Amino acid sequence: MKRNTFIILSILIGVGLKSFGQKLEKSKTDDPAKRTSWETFYTTMSANAYFRISSVGDTETFDLKYQDGTVFSIMKDDEIIFKLDNGELIKLPNLENKI
């Protein structure tokens, strides 16, 4: 239990300290969202993790981006399906392949 608490506190302190160095990015469109710059959260030889904080209206989010060098593609005529919190499905078809 003490070990888990220590790990969680270490992560929160690390994110907290790194968030002070973030810069607010200027919007290139009329988007009302405010976002900070992407900052390095974790890095190794094979993977990188980045984070930023976004604010849209009254909602604030912690955005996390993970890159591990793996590349995948969606074949022509396949679909990406997003399931929303209310259970609704949004299907986006892939109309063509590009390299």
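Remember, predicted model here, so these are calculated numbers, not experimental data. The first residue in the sequence is number 1, and the count goes up from there. Just the heavy atoms: all of them, side chains too, but no hydrogens, waters or symmetry mates, feed the values below.
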Problem - Same apolar cluster (I L V M F W Y, side chains within < 4.5 Å links), L84/I80 - result: yes
Problem - Non-hydrogen side-chain atoms of W38 and D63 separated by less than 4.5 Å - result: yes
Practice task
Heavy atoms only: give me the nearest L95-K76 pair and the separation to one decimal.
Solution key: O-CE, 3.4 Å
Problem - Considering all heavy atoms, the nearest T40-F51 contact - result: O-CE2, 4.2 Å
Problem - Cluster overlap Y66 with F62, hydrophobic side-chain contacts below 4.5 Å - result: no
Handout entry: Sidechain-backbone polar pair: S54 side chain, T61 backbone, donor-acceptor under 3.5 Å
Key = no
Problem - Where at least one partner belongs to residues 77-87, residue pairs that pass side chain to side chain donor-acceptor pair (under 3.5 Å), sequence neighbours excluded - result: none
Practice task
Count the heavy atoms of every other residue, nucleotide or ligand shown that sit under 6.0 Å from NZ of K65, and state whether that count exceeds 12.
Solution key: yes
Problem - Spacing of OH belonging to Y50 relative to CG belonging to L64, to within rounding of 0.5 Å - result: 11.5 Å
